[in-house]
Amino acid sequence: MAKFQGIDYYKLDDHFSEEELMVRDMVRNFVENEVLPDIEEHHKEGTFQKDLIPKMAELGLYGANLPEKYGCANLNNVAYGLIMQELERGDSGVRSFASVQGALVMYPIYEYGSEEQRQEWLPKLASGEAIGCFGLTEPDFGSNPGGMKTKAVEDGDSYVLNGAKMWITNGTISDIAIVWAKLDGVVRGFIVPTDTDGFSAPEMKGKFSLRASVTSELVMDDVRIPKENILPNGEGLRGPLGCLTQARYGIAWGALGSAMATYETALNYAKERIQFDKPIASFQLVQDKLVTMATEITKGQLLAYHLGRNKDEGKMRHQMVSMAKMNNVKVALDTARVAREVLGANGILDEYPVIRHMMNLESVYTYEGTHDIHRLIIGADITGIEAFK
Amino acid sequence: MNILVCVKQVPDTETKVKIGDDGKSIDEADVNFVLNPYDEFGVEEALQLKEAVGGEVTVLSVGPESATSAMRTSLAMGADKGVRLNAEDVRLKDSFSIATALANAIQSLEYDVVFCGKKAVDGDNHQVGPMLATLLDIPCVSTVTSLEFDGASFTAFRDVEGGKETYTGELPALFTTDKGLNEPRYAALKGIMQAKKKPIDVSDAEFPAEDSLVVESMELPPESPPGKIVGEDADAVPELVRLLKEEAKVL
Ligand SMILES: Cc1cc2nc3c(=O)[nH]c(=O)nc-3n(C[C@H](O)[C@H](O)[C@H](O)COP(=O)(O)OP(=O)(O)OC[C@H]3O[C@@H](n4cnc5c(N)ncnc54)[C@H](O)[C@@H]3O)c2cc1C
């Protein structure tokens with residue numbers, strides 16, 4: 001198999017800096033050499049490739065856009081996006097791991113935490129010495145997290161947490177959980193060490209999607225944590241939603257990586273697979289599919305690229321992130337499904353990456369705000385009328 | 001220890017090359033350039049040596065401004081500084097000219113060890129390293145697969161047909177590096193961020209008055225004929241053997 005070259009139909013590479021391209025190419029090689037050889041096996045077994053944790057840390061892939069003084073690389077957001085793109089070219093589960101660690105655990109500590117909390121946790125999280133998870137979703141509250149039942153109660157110099165979270169990426173393998181819970185009716189974030197009495201994180205089984213990623217419940221039964229573990233800045237849903245904006249930004253890029261992987265597989269396959277004495281790529285219907293994929297990926301790249309430049313210039317609005325997450329994940333899912341078709345029966349085999357990406361994307365479509373919720377966010381933005389309730 | 005590594009920016013081996021308008025060199029538009037993979041072993045070995053005994057790693061390259069990315073990659077991996085010997089038409093220069101330009105620059109530097117890749121994957125000449133050592137009048141061990149240093153002495157190992165050769169000698173010395181010497185590290189993000197702050201000195205390359213070799217023309221290899229399927233099962237073996245003997249003449 002020829003080495004992955006990505007897609008650059010619109011000469012976007014000319015707009016990336018030398019540094020951004022170096023970051024992208026480094027992660028591309030890393031994924032080629034360290035992720036792809038073992039990913040199908042982990043997918044089959046339903047296990048996360050744990051040896052990647054220190055390897056990604058060594059390269060600085062966690063919280064790569066956070067400041068150097070906390071042990072991070074201080075990259076711009078375009079370079080950060082390119083990292084997510086390349087990781088998800090490998091597998092959405094690997095990108096999810098890095099997204100959660102960086103955007104959903106390190107970011108809230110950086111953005112809403114005290115200086116002591118930053119000093120204590122960010123270097124450890126950057127170096128992979130500590131793993132984190134983000135507990136927002138509950139069994140009864142997904143798209144509507146504001147209804148959450150998990151509660152924190154003040155008791156002397158502690159907070160006592162009770163409740164349950166569900167669908168939590170990295171839960172079982174985490175050292176700390178960022179738990180969102182209501183304190184006097186207001187959503188607040190708490191840093192909860194997972195070895196605290198009363199805390200457990202059983203792994204959820206039976207997934208057909210993101211099989212190479214750990215998904216867990218968090219069960220909190222009178223979990224007592226010191227008062228200084230509350231994130232002091234950031235009250236209400238604004239806190240978790242601010243984190244989600246960061247993670248969704250990464251997904252907008254990540255989805256493109258997945259789409260490039262399935263498009264490239266379909267293109268190569270179509271050029272080599274002979275039916276009726278010709279490569280199937282010579283049939284108009286097959287070309288139509290490939291053209292749609294290439295066009296949609298190219299449009300998605302332009303969205304992600306401009307979103308990134310806007311973010312670096314401080315002009316990004318969260319609704320813009322919703323548009324890119326919504327669009328690019330849908331593009332990736334459609335690309336994977338059509339690539340599956342192009343491969344015929346081979347499309348269902350794990351010998352090719354297509355079916356794995358396709359199943360993974362069903363989660364990506366739903367988590368971090370479902371596709372439809374993002375439509376409603378943009379709808380509310382352009383009409384001024386909220387249609388959630 | 002002062003360690004020098006000569007590096008070249010080469011087209012990614014996956015790139016489909018086209019011949020340029022001059023008919024003598026490749027068309028560089030749309031070509032993805034990378035650090036020559038054999039030079040990467042040199043950079044890695046230099047970094048490991050520096051980590052073991054201390055010192056400084058300098059990377060040198062002959063080429064135009066656009067050829068700095070190989071040096072940046074080396075700096076991102078951890079090299080300390082770069083020296084670029086500026087030259088525009090570097091792809092038409094022969095190995096001796098390149099070795100001379102490097103030697104002219106290296107004469108004025110302090111060095112204990114020089115690394116060159118055993119070859120550049122584009123030119124495939126295997127010449128610059130040994131020529132450079134000769135010009136510098138220092139010992140050269142080519143295609144090393146393992147190296148040990150003890151003060152100013154070295155032991156170098158190289159694979160030879162069916163066995164291994166061991167050389168010992170004194171520094172300064174030049175080594176050309178082969179696959180197997182080490183596993184080059186990835187340039188971590190911090191290294192990439194620091195690379196742009198590291199200095200690259202630029203001076204004009206001093207070549208000999210004339211090249212002793214001139215590229216006359218460059219052509220792509222003929223398209224390989226399509227594969228042939230002789231048959232499906234054991235019955236096909238005699239015919240396959242016949243074809244391999246008579247047509248392909250490989251048996
Ligand atoms: C693999 C995986 C990993 C995850 N990791 C995490 C994690 O690390 N941390 C975390 O907190 N959560 C995580 N989640 C949870 C994820 O964010 C939620 O699944 C998501 O927010 C949707 O919630 P829900 O599944 O409860 O669906 P629901 O909210 O019940 O939605 C069901 C359907 O109804 C639609 N819908 C809901 N409300 C409306 C409305 N007002 N108008 C129109 N349609 C509506 C939705 O679009 C959807 O199609 C993960 C999920 C998965 C699958």
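Chain identifiers are assigned alphabetically (A, B, ...) following the order of the sequence lines, protein sequences preceding nucleic acid strands; residue numbering begins at 1 within each chain.
- Contacts between B/R72 and chain A at a heavy-atom distance below 4.5 Å involve backbone atoms as well as side-chain atoms.
- When the shell of 6.0 Å around CD1 of B/I229 is examined, it contains 12 or fewer heavy atoms from other residues, nucleotides or ligands.
- Sorted by first then second residue, the ring pair (Phe, Tyr, Trp, His ring centres under 6.0 Å) pairs that include residues 49-76 of chain B, not counting sequence neighbours, number zero.
- Proximity of B/L189 to A/I83: side-chain heavy atoms (C-beta onward) are separated by under 4.5 Å at one or more points.
- When the shell of 6.0 Å around CD of A/E313 is examined, it contains more than 12 heavy atoms from other residues, nucleotides or ligands.
- Distance CE/A/M22 to OG1/B/T73: 4.5 Å, rounded to 0.5 Å.
- Using a 4.5 Å heavy-atom threshold, the side chains of A/K11 and B/D30 count as touching.
- Environment of NZ in B/K198: crowded, with over 12 heavy atoms of neighbouring residues, nucleotides or ligands closer than 6.0 Å.
- Ranking B/A76, B/S69, B/A188 against chain A, the residue ahead of the rest is B/A188, based on heavy-atom pairs under 4.5 Å.
- Heavy-atom contacts from other residues, nucleotides or ligands closer than 6.0 Å to CG of B/D21 number 12 or fewer.
- For the side chain to side chain contact (heavy atoms under 4.5 Å, CB included) with B/Y186, the lone residue among A/E58, A/M26, A/K55 that qualifies is A/M26.
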